[in-house]
Amino acid sequence: MDFDISDNKVYVKDMKCRREYDHWVCFRSRIHFREAIAAWNGVDSRKGSFEVCLLPTIKRCILPELTNWHFPYIKDSRKIAVKNHKWLLPQEWHSPEIGTMIDPIMLDSALIQELCKDFE
């Protein structure tokens, strides 16, 4: 889930929660990472360096509960891309995983704003 704070309001990107791409626990796997260099920020053609996870065939993988907030558009290189997405207030964002894999507190605007004050 991607979040943004603008005009003292918290917003959630209007998209399906995609934990399967960024949030998992794997047992006894031989996960490796390699550096990739590509135009990656979705804004311009500047190239950047990032890690790509190389997953072998995994027999035991768990999709855990969502436990963190992601603010990708705080980075200067991505700020311009905020306008390329549709944003919702947290109470407008819906998922069947709320209450099971996503604790409702993860969508608490007041809590998110309070925690983010430490980073201003």
Side-chain angles (χ1 to χ4, degrees):
M1 292 171 52
D2 292 344
F3 291 86
D4 187 53
I5 297 178
S6 179
D7 299 324
N8 293 319
K9 291 185 180 177
V10 175
Y11 295 94
V12 181
K13 189 194 287 187
D14 186 17
M15 62 181 273
K16 177 182 179 261
C17 182
R18 301 181 72 186
R19 292 178 306 107
E20 66 270 19
Y21 295 106
D22 196 28
H23 220 90
W24 18 255
V25 176
C26 300
F27 298 95
R28 296 187 195 97
S29 62
R30 293 186 173 105
I31 296 174
H32 300 282
F33 293 87
R34 71 170 168 80
E35 182 182 25
I37 298 174
W40 59 276
N41 66 11
V43 177
D44 54 40
S45 61
R46 288 183 295 162
K47 292 190 176 189
S49 175
F50 57 96
E51 289 184 328
V52 175
C53 181
L54 304 173
L55 288 170
T57 301
I58 297 174
K59 295 179 182 172
R60 293 182 62 198
C61 188
I62 296 172
L63 295 177
E65 291 180 16
L66 184 69
T67 58
N68 60 0
W69 294 278
H70 187 228
F71 293 89
Y73 301 100
I74 288 176
K75 295 178 180 178
D76 288 338
S77 62
R78 296 182 183 173
K79 283 183 179 177
I80 195 169
V82 169
K83 66 178 184 271
N84 297 336
H85 304 286
K86 181 178 177 188
W87 296 90
L88 302 170
L89 295 171
Q91 63 267 26
E92 298 170 340
W93 188 83
H94 298 286
S95 169
E97 294 185 324
I98 295 173
T100 56
M101 300 307 282
I102 301 171
D103 190 317
I105 202 163
M106 296 296 292
L107 298 167
D108 184 323
S109 293
L111 174 63
I112 294 168
Q113 287 180 316
E114 185 63 32
L115 293 172
C116 287
K117 284 181 185 177
D118 294 338
F119 297 99
E120 292 177 349

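It should be emphasised that the depicted structure is a prediction, and the values quoted were computed from it without experimental measurement.
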(Q) Quick one: does any side-chain atom of Trp93 pair with a main-chain N or O of Met15 as donor and acceptor, under 3.5 Å? (A)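 Side chain of Trp93 to backbone of Met15: a pair is present.
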(Q) Using ring centroids (six-membered ring only for Trp), state whether Trp87 and Tyr73 fall under 6.0 Å. (A)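 Centroid separation for Tyr73 and Trp87: below 6.0 Å.
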Identify the two heavy atoms, one from [X] and one from [Y], that lie closest to each other, and give their separation to 0.1 Å.
| X | Y | value |
| --- | --- | --- |
| Asp2 | Pro72 | CG-CG, 3.7 Å |
| Met106 | Ile112 | O-CD1, 3.5 Å |
| Val12 | Met1 | CG1-CE, 4.3 Å |
| Lys9 | Gln113 | N-NE2, 3.6 Å |

Q) Can you find a pair of side-chain heavy atoms, one from Ile5 and one from Cys116, that are under 4.5 Å apart? A)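 Side chain of Ile5 against side chain of Cys116, heavy atoms only: contact under 4.5 Å found.
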(Q) With heavy-atom distances below 4.5 Å as the criterion, would you say the side chains of Ile102 and Ser95 are in contact? (A)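 Touching, per the 4.5 Å side-chain cut-off.
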Kindly compute the distance separating [atom1] ([X]) from [atom2] ([Y]), expressed to the nearest 0.5 Å.
| X | Y | atom1 | atom2 | value |
| --- | --- | --- | --- | --- |
| Glu65 | Met101 | CD | CE | 6.0 Å |
| Lys83 | Asp4 | NZ | CG | 13.0 Å |
| Ser109 | Glu114 | OG | CD | 13.0 Å |
| Asp103 | Leu66 | CG | CG | 9.5 Å |
| Leu88 | Leu107 | CG | CG | 11.0 Å |

Q) In terms of hydrophobic clustering (I, L, V, M, F, W, Y; side-chain heavy atoms under 4.5 Å; direct or indirect links), are Val82 and Trp69 co-clustered? A)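 Per the 4.5 Å side-chain linkage, Val82 and Trp69 are not co-clustered.
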Q. Are Ile74 and Leu111 in one and the same hydrophobic cluster, where Ile, Leu, Val, Met, Phe, Trp and Tyr link if side-chain heavy atoms are under 4.5 Å apart?
A.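 Result: yes, single cluster for both.
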Q.
Parallel, tilted or perpendicular, judged at 30° and 60°: which one describes the rings of Phe71 and Phe3?
A.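 It falls in the tilted class, 30° to 60°.
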